Amino acid sequence: MNVPIYIVQNIYTLIMLLNIFLAITVIFLERRNASSAWAWVMVLLFIPVLGFIMYLILGQKVRKRKLNKLLGDNQRIIEDTMEKQRLQLLERRLLPESSEIADYQDMMYMNLTTSFALYTTHNAVEIFTNGNQKFDALIADIEAAERHIHLEYYIVRDDDLGRRLAAALAKKAKQGVEVRFLYDHIGSSSLPRRFFQEIREAGGLEAAFFPSRIPYLNLKINYRNHRKLAVIDGKVGYIGGFNIGDEYLGLNAHFGEWRDTHLKVTGAAVLQMQAQFLMDWNLASAGRVELDQSYFPVPDEIQSRIGMQLVASGPDTDYQEIKNAYIKMISSAKNTICLQTPYFVPDESLMTTLRIAALSGVKVSIMLPSKPDHFFVYWATHSYLGELLASGVRVYLYERGFLHAKTLVVDGKVASVGTANLDIRSFKLNFEMNAFIYDRETSSRLEALFREDVKSSRQLTAEDYAKRPLFNRFKESISRLLSPIL
């Protein structure tokens, strides 16, 4: 049956008018972020109607949360401590002027006032770059737990590592230890419900972060919980890049060796990890946890005096706290900046800060993986490298497996290790947490690891970059346009 041409024309006109209306709606909704608005308008232009459905899935907003949402009886104590530190930092009295890290008190102040990140000392840090060593240590600490075990991971696999961890948790739950396991519903979308059966039968609990009400279909692609935290008895904490899966042990044939960075922390900083876990748990679970002192024990006396702040950020907060802390760190550099990230999709503010540092004579070195795991993100990453190379930034492509570390070290004195990638998604759309470390010894160790990784990397020069194939440039250009929404 032939459809009259005027009907086709009317349908086409209706679709175009609808698309214009939807584009205006997106511009209004994204008016505070011009780059994001233009990216979405481009999607609407090339994918009429369907593009707006994509926006509804990927462009949702979340409501802001308040600090006192879960603090309960501890609120007064925390607020008093924060106010005391705020005044000390404002008057530069928290650290002696002779301290090597005294110059970072303004950064500590910013983290405290925007992210409620208390500065703590008397912390000890152990660095893991190998998945086997990290999970051996974590499971050993789980087996030694006496009161509670809290785990929070973005990706959890039902494989050998996942089942090994689940068995250890079930065993402790049978012994009467409180076990809570929080996982992201999108990151762990392939995880079957039976994975937690043994843990549940033993008395443990699990919760999915922002799950879908429709089986096998989750429209909340954005605003995922990308944190990787473990807290045992409120005394030992883990934070970093390793998720739970065999590939993180280097057992995936495509990726090969997995190079990541994770920290084991003991001391007062663990209590901030604990508070973050409990807030996330209560946001995701119907079984609300009432905060009491048993979750916040007095830290054991330890000889190490590593200063730390645990900075959380996400779409539910007023600032891009981790990004701002990165910018503050980079701006403070006098000699060296060493940055490792699997994904590099910065906004203009971060690009400008890196370029200014390099143009000012600071030795800026960035290390990225040489192989892709996300097509558009990989090519968007490469689209930014020309500007950095032109400014004098050294770019290294890690070739010994896959680089997944999220590490920043400045002048060998201050460092950050955590869950946030250096991209717009981590800074704006995901729930993240990073440890900011104010300690020369720990920072120097992280810098030494970077230097060792250089030996397994290929340096990308401006000449190499200029010779890249035309098709690569095309892929970079398309991916760059989409970078605000990747």
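What you see below is based on every heavy atom in this structure, not just the backbone, and it leaves out hydrogens, waters and symmetry mates. We number each residue from 1, following the sequence as shown. Bear in mind that the values here come from a model prediction, so they are computed numbers and not experimental data.
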| Would you say the side chains of K428 and S313 form a donor-acceptor pair under 3.5 Å? | no

| task | Check whether more than 12 heavy atoms from other residues, nucleotides or ligands sit under 6.0 Å from atom NZ of K475, and answer yes or no. | result | yes

| E399 and K371 ion-paired at < 4.0 Å | no

| Whether Y238 and H262 hold their rings parallel, tilted or perpendicular, with breakpoints at 30° and 60° | tilted

| said: Does the plane of the ring in H382 sit parallel, tilted or perpendicular to the ring in Y378? Use 30° and 60° as the thresholds. | reply: tilted

| message | When you measure from the side chain of S360 to the backbone of V362, do you find a donor-acceptor pair of N or O atoms at a distance under 3.5 Å? | response | no

| Under 3.5 Å side-chain donor-acceptor pair for E432 and S426 | yes

| query | For the side chain of D411 and the backbone of K413, is there at least one donor-acceptor N/O pair under 3.5 Å apart? | reply | no

| request: Decide salt bridge (Lys or Arg N to Asp or Glu O under 4.0 Å) for D184 and R227; before the verdict, give the C-alpha distance in whole Å, the side-chain angles of both, and the deciding distance to 0.1 Å. | output: CA-CA 9 Å; D184 186 81; R227 294 168 182 146; over 6 Å; no

| message | What verdict does the side chain to side chain donor-acceptor pair (under 3.5 Å) test give for E321 and T317, after you've listed the backbone C-alpha separation in whole Å, the side-chain angles of each residue and the deciding distance to 0.1 Å? | response | CA-CA 8 Å; E321 292 85 353; T317 59; 3.0 Å; yes

| query | What's the spacing between L403 CG and D260 CG if we round to 0.5 Å? | reply | 8.0 Å

| field | Close side-chain approach of F436 and Y326, heavy atoms under 4.5 Å | value | yes

| message | To check you understand the geometry: which heavy-atom pair defines the closest contact between I139 and A168, and what is its length? | response | CG2-CB, 4.2 Å

| So, for F242 and Y153, is the gap between ring centers shorter than 6.0 Å? | no

| In Å, rounded to the nearest 0.5 Å, how long is the span from CZ of R224 to CD1 of I186? | 5.0 Å

| said: Do K363 and R394 have side chains that approach each other closer than 4.5 Å (heavy atoms only, starting at C-beta)? | reply: yes

| note | One should read off an interatomic distance between N243 CG and S188 OG, to the nearest 0.5 angstrom, of 7.5 Å

| said: Between E206 and I199, is the side-chain contact (heavy atoms from CB on, under 4.5 Å) condition met? List the steps. | reply: CA-CA 8 Å; E206 94 277 357; I199 297 174; 6.0 Å; no

| query | Hey, are the side chains of M433 and I239 touching, using non-hydrogen atoms and a 4.5 Å cut-off? | reply | yes

| Criterion ring-ring contact (aromatic ring centres under 6.0 Å, His included) against Y183, the qualifying member of F196, Y154, W281 | F196

| said: Pair S115, M110 - check side-chain contact (heavy atoms from CB on, under 4.5 Å), show working. | reply: CA-CA 8 Å; S115 186; M110 180 186 71; over 6 Å; no

| query | Which distance, rounded to the nearest 0.5 Å, do you find between the CG of D233 and the CD of E178? | reply | 10.0 Å

| salt bridge (Lys or Arg N to Asp or Glu O under 4.0 Å) between E387 and R480: does it pass, once the steps are laid out? | CA-CA 13 Å; E387 300 169 59; R480 178 70 171 260; 2.9 Å; yes

| field | D246, D158, D136, D159 screened by salt bridge (Lys or Arg N to Asp or Glu O under 4.0 Å) with R164, the one that passes | value | D136

| task | Output yes when a side-chain donor or acceptor of N123 lies under 3.5 Å from a complementary backbone atom of I306, and no otherwise. | result | yes

| Do the two ring centres, one from Y119 and one from Y438, sit under 6.0 Å apart? | yes

| said: Can you confirm whether F427 sits close enough to N324 that some side-chain heavy atom of one is under 4.5 Å from a side-chain heavy atom of the other? | reply: no

| Less than 6.0 Å separating the ring centroids of Y295 and H148? | yes

| More than 12 heavy atoms of other groups within 6.0 Å of E146 CD | no

| remark: d(I330 CD1, L339 CG) to nearest 0.5 Å is 6.5 Å

| message | Go through it in stages, so that I can follow the logic: the residues are I337 and V409, the test is side-chain contact (heavy atoms from CB on, under 4.5 Å), and I'd like the CA-CA distance, side-chain angles, deciding distance and then a yes or no. | response | CA-CA 6 Å; I337 296 169; V409 186; over 6 Å; no

| Would you call R193 and Q197 a side-chain contact if the rule is heavy atoms closer than 4.5 Å? | no

| query | Between the side chains of S456 and D453, does any donor sit under 3.5 Å from an acceptor? | reply | no

| said: Ignoring hydrogens, what is the shortest heavy-atom contact between P315 and N430? Give both atom names and the distance. | reply: CD-O, 3.7 Å

| Over all atoms of both residues, closest heavy-atom pair of S479 and A380 | CB-N, 3.4 Å

| field | Check: K235 and D300 side chains under 4.5 Å, non-hydrogen atoms | value | yes

| query | Are more than 12 heavy atoms from other residues, nucleotides or ligands located less than 6.0 Å from atom CZ of R163? | reply | yes

| field | Pairwise side-chain contact, V393 with L389, heavy-atom cut-off 4.5 Å (strictly under) | value | no

| said: Are there over 12 heavy-atom neighbours, none belonging to R400, within less than 6.0 Å of that residue's CZ? | reply: no

| query | With I322, which of N434, T419, N111 fulfils side-chain contact (heavy atoms from CB on, under 4.5 Å)? | reply | N434

| Between W258 and F255, ring centroids under 6.0 Å | yes

| Counting distance only, does the side-chain N/O of K406 pair as donor-acceptor with the main-chain N or O of V417 below 3.5 Å? | no

| said: Would Y343 and D373 count as a side chain to side chain donor-acceptor pair (under 3.5 Å) here? Give the steps. | reply: CA-CA 10 Å; Y343 316 118; D373 69 332; 2.7 Å; yes

| So, for F209 and H185, is the gap between ring centers shorter than 6.0 Å? | no

| Per the side-chain contact (heavy atoms from CB on, under 4.5 Å) rule, which among N421, L388, D423 passes with F344? | L388

| message | Which heavy atom of M351 sits nearest to which heavy atom of P346, and what is that distance? | response | CG-CG, 3.4 Å

| query | Is the number of heavy atoms from other residues, nucleotides or ligands within 6.0 Å of CZ (F471) greater than 12? | reply | no

| Residue pair G392 / A358: nearest heavy atoms and the distance that separates them | C-CB, 4.3 Å

| field | Nearest-0.5 Å distance that lies between atom CZ in R468 and atom CG in N472 | value | 8.0 Å

| request: Spell out, as yes or no, whether a donor-acceptor pair under 3.5 Å connects the side chain of H404 to the backbone of G241. | output: yes

| request: Report yes or no: do T261 and R259 form a side-chain donor-acceptor pair below 3.5 Å? | output: yes

| task | Answer yes when R305 and D439 have at least one side-chain N-carboxylate O distance shorter than 4.0 Å, and no when they do not. | result | no

| message | Whether the side chain of Q274 engages the backbone of G237 through a donor-acceptor N/O pair (distance < 3.5 Å, no angle test) should be reported. | response | no

| message | So which atom in V289 and which in N282 form the shortest heavy-atom distance, rounded to 0.1 Å? | response | N-OD1, 2.7 Å

| field | Test item: R180 and L151 side chains (from C-beta on) under 4.5 Å apart, heavy atoms | value | no

